[in-house]
Enquirer: 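This is the structure, below, for whatever I ask next.
Numbers here are sequence positions counted from 1. Excluded from the calculations below are hydrogen atoms, water molecules and symmetry mates; all remaining heavy atoms, backbone and side chain alike, are included.
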Amino acid sequence: QVELVESGGGSVQAGGSLRLSCAASGSIVKINFMGWYRQAPGHGREFVARISSVSSITSLSKTNYADSVRGRFTISGDNVKNTVYLQMDNLKPEDTAVYYCYANIYRFSTGSTDYWGQGTQVTVSS
């Protein structure tokens with residue numbers, strides 16, 4: 001089995017920063033990519049960022065960002081810890097949402113499968 005455990009959510013004023021973490025554990029052969037989605041009240045889940053081939057050398061990992069967060073959020077990974085981080089700077093009230101970690105993980109028993117964390121609340125006040 002695979003488990004994704006998130007941490008780092010909370011409340012902050014506009015312009016502030018938060019750092020989310022997501023650690024994957026279990027019988028993992030390879031993590032193809034990890035990333036974040038978010039869901040605000042009354043809205044669908046939207047893509048935030050992802051990093052492929054989680055690596056401790058960020059420059060060798062490919063990253064993608066939603067237009068709404070590019071330049072403010074930075075995703076990075078640590079393949080030793082099987083952990084992905086989302087550094088969120090210059091936060092805006094519209095960033096308020098539940099943030100979900102997700103990962104596409106290869107296991108011998110199941111092949112490549114998507115997994116989701118339980119979600120962590122981020123609230124930005126104006």
Side-chain angles (χ1 to χ4, degrees):
Q1 189 57 280
V2 171
E3 184 178 24
L4 302 182
V5 178
E6 301 145 336
S7 60
S11 297
V12 67
Q13 289 190 327
S17 298
L18 285 172
R19 188 190 194 210
L20 304 183
S21 300
C22 174
S25 62
S27 55
I28 296 170
V29 175
K30 182 178 183 293
I31 297 177
N32 296 314
F33 54 83
M34 293 184 76
W36 298 88
Y37 274 72
R38 67 186 181 185
Q39 186 166 16
H43 292 78
R45 193 171 294 189
E46 66 170 355
F47 170 77
V48 176
R50 89 172 202 179
I51 184 167
S52 60
S53 301
V54 178
S55 169
S56 60
I57 305 175
T58 306
S59 61
L60 297 182
S61 302
K62 181 179 179 181
T63 57
N64 299 92
Y65 296 93
D67 289 342
S68 58
V69 307
R70 187 176 291 110
R72 300 187 297 119
F73 291 10
T74 303
I75 190 169
S76 61
D78 186 330
N79 68 329
V80 175
K81 297 180 179 179
N82 284 342
T83 298
V84 65
Y85 306 96
L86 185 67
Q87 177 66 40
M88 304 185 294
D89 297 318
N90 190 21
L91 282 160
K92 303 176 180 180
E94 52 263 42
D95 294 318
T96 296
V98 177
Y99 284 69
Y100 295 92
C101 173
Y102 79 103
N104 184 270
I105 295 173
Y106 179 82
R107 304 171 63 205
F108 289 128
S109 58
T110 60
S112 293
T113 306
D114 289 339
Y115 297 89
W116 291 87
Q118 78 284 1
T120 184
Q121 177 69 46
V122 171
T123 302
V124 184
S125 58
S126 57

Enquirer: Just so I know, are the side chains of F73 and L91 near enough to count as touching, which here means a heavy-atom distance under 4.5 Å?
Expert: yes

Enquirer: Locate the shortest heavy-atom distance separating P93 from A14; write the atom from each residue and the value.
Expert: CD-CB, 4.1 Å

Enquirer: Does a side-chain heavy-atom distance below 4.5 Å link V69 with R38?
Expert: yes

Enquirer: With a 4.5 Å heavy-atom cut-off, do I31 and N79 have their side chains touching?
Expert: no

Enquirer: Establish, yes or no, whether the cationic atom of R45 lies under 6.0 Å from the six-membered ring centre of Y37 and within 45° of the ring axis.
Expert: no

Enquirer: Within the structure provided, determine whether Y102 and R50 are in side-chain contact (heavy-atom separation under 4.5 Å).
Expert: yes

Enquirer: Can you name the closest pair of heavy atoms from G8 and L18 and give their distance?
Expert: O-CD2, 4.1 Å

Enquirer: Should the heavy atoms of other residues, nucleotides or ligands under 6.0 Å from CD of Q13 be counted, would the total exceed 12?
Expert: no

Enquirer: Side chains of M88 and W36: closer than 4.5 Å at any heavy-atom pair?
Expert: no

Enquirer: Between atom NZ of K30 and atom CG of N104, what is the distance when rounded to the nearest 0.5 Å?
Expert: 8.5 Å

Enquirer: Do C101 and V84 have side chains that approach each other closer than 4.5 Å (heavy atoms only, starting at C-beta)?
Expert: yes

Enquirer: Roughly how far, to the nearest 0.5 Å, is CD of Q121 from OG1 of T96?
Expert: 7.0 Å

Enquirer: How close do G77 and I51 get, heavy atom to heavy atom, and via which atoms?
Expert: N-CD1, 3.8 Å

Enquirer: Using atom types as modelled and distance alone, determine if a side-chain donor or acceptor of S112 lies under 3.5 Å from a backbone N or O of Y106.
Expert: no

Enquirer: Is D95 paired with K92 through a side-chain N to carboxylate O contact shorter than 4.0 Å?
Expert: no

Enquirer: Going only through I, L, V, M, F, W and Y residues with side-chain contacts under 4.5 Å, is there a path from W116 to F47?
Expert: yes

Enquirer: Within a 6.0 Å radius of atom NZ on K81, are there more than 12 heavy atoms belonging to other residues, nucleotides or ligands?
Expert: no

Enquirer: Can any side-chain N or O of E6 pair as donor or acceptor with the backbone N or O of G119 at less than 3.5 Å?
Expert: yes

Enquirer: So, taking the atom named CD1 in I28 and the one named CZ in F108, what distance separates them when rounded to the nearest 0.5 Å?
Expert: 12.5 Å

Enquirer: Tell me the closest heavy-atom pair linking M34 and A24, and the distance in Å.
Expert: CE-CB, 4.3 Å

Enquirer: In Å, rounded to the nearest 0.5 Å, how long is the span from CG of L86 to OG of S76?
Expert: 8.5 Å

Enquirer: Taking all non-hydrogen atoms of both residues, which atom of L20 and which atom of G9 are closest, and how far apart?
Expert: CD2-N, 3.6 Å

Enquirer: Looking only at non-hydrogen atoms, find the nearest pair between Y85 and S21 and report the distance.
Expert: CD2-OG, 3.3 Å

